[in-house]
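Working notes, structure below.
Every heavy atom of this structure was used, including side-chain atoms; hydrogens, water molecules and symmetry mates were not. So you know, we letter chains A, B, ... as the sequences are listed, proteins then strands, and number each from 1.
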There are 2 protein chains.
Amino acid sequence: MNNSLPTSAKPVGPAGTASSRVFDHLRKDLVGGRFVAGEKLAINALKDRYQVGLSPLREALNKLAAYGLLVQENQRGFRVPKLSRDELDDIAQMRLEMEGMALERAIANGDSLWEADLLAAAHRLKRADITLDKGEEWEHLHTQFHRTLVAPCGSVWLLRFIEQLHDQFDRYRRLGPKMPTIRQELDEQHHQLVELALQRDAKTARELMDDHIHKSYEVALKRYQEHV
Amino acid sequence: MNNSLPTSAKPVGPAGTASSRVFDHLRKDLVGGRFVAGEKLAINALKDRYQVGLSPLREALNKLAAYGLLVQENQRGFRVPKLSRDELDDIAQMRLEMEGMALERAIANGDSLWEADLLAAAHRLKRADITLDKGEEWEHLHTQFHRTLVAPCGSVWLLRFIEQLHDQFDRYRRLGPKMPTIRQELDEQHHQLVELALQRDAKTARELMDDHIHKSYEVALKRYQEHV
DNA sequence: GTAGGTTAAAAAATCGATTATCTTGTCTAA
DNA sequence: TTAGACAAGATAATCGATTTTTTAACCTAC
């Protein structure tokens with residue numbers, strides 16, 4: 001496996017290294033908005049919070065900085081990147097381009113195993129929806145669904161970039177509390193996307209994906225504006 | 001400066017941290033093919049080679065892994081990613097998409113300062129060409145030229161991805177010795193690209209950029225095939 | 001009052017040593 | 001002969017302490 005994502009590919013259980021565990025944990029917390037944007041990280045506090053020594057912690061922070069979830073300034077530690085309207089626009093725009101491209105390719109390449117995976121992922125997501133479990137578990141399944149959707153696009157690097165953009169986008173989307181009305185609409189689209197994928201209707205699928213990202217963008221933008 | 005590249009934005013002189021210095025150095029060496037693909041890195045050897053302690057070295061290695069120039073396997077250190085035809089194709093394809101997009105946007109946005117920078121970058125590159133300095137200095141100016149070309153595209157993330165793809169691409173392109181014949185042709189194109197950029201002919205510029213990447217791809221592929 | 005300089009405290013970066021894990025070679029039993 | 005168990009050496013990961021740099025508070029001179 002040549003180009004595994006910076007994330008530990010296999011979910012690191014209690015067995016992984018301290019460094020990889022704190023990386024995963026910090027990544028989740030950063031994406032989930034548990035740190036305030038622009039905040040300077042107090043390494044000693046993190047050490048306590050994540051129950052880990054300095055060396056593995058610093059290695060995780062270095063990885064997150066290279067990944068784009070932290071900013072590193074020489075000799076003055078790490079901080080959480082600021083949020084900005086411009087950047088949100090940039091991220092959304094890039095998602096449009098890249099996920100659109102990936103979806104078209106995935107529809108061209110995906111086999112029947114993919115179809116099954118896709119149905120399963122959509123089902124699990126709806127399941128978590130009904131259970132009203134809109135917490136960390138839902139987020140994970142949601143990520144997983146979008147990942148599955150574009151998985152057979154054939155480009156390792158495209159997938160990698162999309163993953164990175166999702167993390168960045170979610171920093172905005174997850175700023176505020178849930179919005180059930182729009183959420184409903186977005187959930188609808190997940191199933192429609194599966195439909196169109198199974199029908200191999202790449203053109204319509206891409207249009208729907210564009211719309212999906214656009215709606216998500218509006219949610220994220222509203223949250224950002226309320227948050228400032 | 002929110003989204004600085006993983007690289008130390010300001011060229012880290014002798015003043016930067018040990019970690020950032022060894023990061024820059026290792027990055028150059030990895031891109032320049034001073035390690036053999038697939039090789040496992042012996043950390044203690046690197047410690048001597050780069051004259052740094054274990055901690056800053058490991059932090060640099062972690063960053064490089066997140067950046068994609070190394071592969072990290074839990075509990076078994078770091079290795080140089082393997083090369084493969086499939087990956088080269090992927091990288092080239094992605095370069096086509098992303099640099100094409102970036103160039104069109106840059107031509108739409110770039111101001112007269114950009115025009116000046118572009119002319120300057122092209123001039124410096126040609127200069128280094130004539131001086132027959134086809135070493136590390138030429139490589140740097142070449143990178144700088146392509147960076148300048150797309151700089152005003154308006155997307156921080158697009159620039160970031162392009163930079164990453166260039167590094168990956170160069171791992172293939174720089175496998176073997178120089179090829180003066182094709183090199184000449186590619187150098188020509190640099191100047192033509194400037195021409196078209198100044199004329200704001202986005203369409204033709206993109207076509208030329210496609211051709212430029214395609215030719216570079218052929219060089220890289222040949223090198224890769226000879227290298228195996 | 002404010003710019004510039006000094007210093008004590010805080011934080012970041014690094015070092016040297018320790019611990020945990022993997023690797024390799026050897027041996028044993030089927 | 002070979003799969004598996006084991007031990008010794010090598011390597012990776014982590015810890016605790018030290019060094020370096022930044023930050024903040026205070027002082028002084030204009």
Side-chain angles (χ1 to χ4, degrees), chain A residues 1 4 6-27 30 35-36 38-67 69-81, chain B residues 1 4 6-27 30 35-36 38-67 69-81:
Chain A
M1 189 173 354
S4 65
T7 328
S8 32
K10 307 152 193 165
V12 154
T17 65
S19 171
S20 63
R21 262 178 291 125
V22 71
F23 175 88
D24 289 345
H25 200 162
L26 259 168
R27 177 185 171 184
L30 285 163
F35 293 91
V36 332
E39 158 181 23
K40 171 133 177 269
L41 294 184
I43 299 201
N44 281 325
L46 292 182
K47 221 168 54 106
D48 298 343
R49 176 165 175 175
Y50 295 102
Q51 292 292 310
V52 56
L54 207 60
S55 317
L57 175 57
R58 285 190 57 91
E59 292 189 5
L61 294 175
N62 272 282
K63 268 194 281 200
L64 287 162
Y67 183 64
L69 281 174
L70 287 177
V71 176
Q72 183 170 24
E73 291 161 291
N74 269 350
Q75 243 96 35
R76 36 189 82 177
F78 299 85
R79 40 177 72 252
V80 181
Chain B
M1 191 177 350
S4 65
T7 329
S8 33
K10 307 151 193 168
V12 155
T17 64
S19 171
S20 62
R21 261 178 292 126
V22 71
F23 174 89
D24 289 345
H25 200 163
L26 259 169
R27 178 185 170 181
L30 285 163
F35 293 91
V36 333
E39 156 182 22
K40 170 132 176 269
L41 295 183
I43 298 202
N44 282 326
L46 293 183
K47 220 167 55 104
D48 299 342
R49 175 164 176 177
Y50 295 102
Q51 294 292 306
V52 288
L54 206 60
S55 316
L57 176 57
R58 285 189 58 91
E59 292 189 6
L61 295 174
N62 272 279
K63 268 195 280 201
L64 287 162
Y67 183 65
L69 281 174
L70 287 178
V71 177
Q72 183 171 24
E73 290 160 291
N74 271 349
Q75 242 97 38
R76 36 188 83 176
F78 299 84
R79 37 179 75 251
V80 182

Using every non-hydrogen atom in the two residues, find where Leu69(A) and Leu30(A) come nearest and quote the distance to one decimal. O-CD1, 3.8 Å
Could you report the tightest heavy-atom contact between Ala65(A) and Phe78(A), atom names first, then the distance? CB-CE2, 4.2 Å
Nearest whole Å is fine: how far is dA9(C) P from Asn44(A) CG? 18 Å
Sequence neighbours excluded - salt bridge (Lys or Arg N to Asp or Glu O under 4.0 Å) pairs with any residue from residues 47-60 of chain A: Asp29(A)-Arg49(A), Arg58(A)-Glu59(B), Glu59(A)-Arg58(B)
Identify whether any heavy atom of Leu57(A) sits under 4.0 Å from a base atom; if not, whether one sits that close to sugar-phosphate; answer base, sugar-phosphate or nothing. nothing
My understanding is that only residues two or more places apart in sequence, or in another chain, count here; which of them pass ring pair (Phe, Tyr, Trp, His ring centres under 6.0 Å) with Phe35(A)? none
Please list all pairs meeting salt bridge (Lys or Arg N to Asp or Glu O under 4.0 Å) that have one or both residues in residues 69-81 of chain B, counting only residues at least two apart or in different chains. Glu73(B)-Arg79(B)
At their closest point, which heavy atom of Val36(B) faces which heavy atom of Val80(B), and how far apart are they? O-CB, 3.7 Å
What is the distance, to the nearest angstrom, from the NZ atom on Lys47(B) to the P atom on dT14(C)? 14 Å
Checking all strands, does Leu61(B) fall into the base, sugar-phosphate, or nothing category for heavy-atom contacts under 4.0 angstrom? nothing
Taking the nucleotide of DNA chain C with the closest heavy atom to each, which residue, Lys40(B) or Gln51(B), is nearer the 5' end? Gln51(B)
Measure all distances between protein nitrogen or oxygen atoms and nitrogen or oxygen atoms of nucleotides 13-18 of chain D, and list the pairs falling under 3.5 Å.
from, atom 1, to, atom 2, distance (Å)
dA13(D), OP1, Gln75(B), N, 3.0
dA13(D), OP2, Arg58(B), NH1, 2.7
dA13(D), OP2, Arg58(B), NH2, 3.0
dT14(D), OP1, Ala18(A), N, 2.3
dC15(D), OP2, Gly53(A), N, 3.0
dC15(D), N4, Ser55(A), OG, 3.1

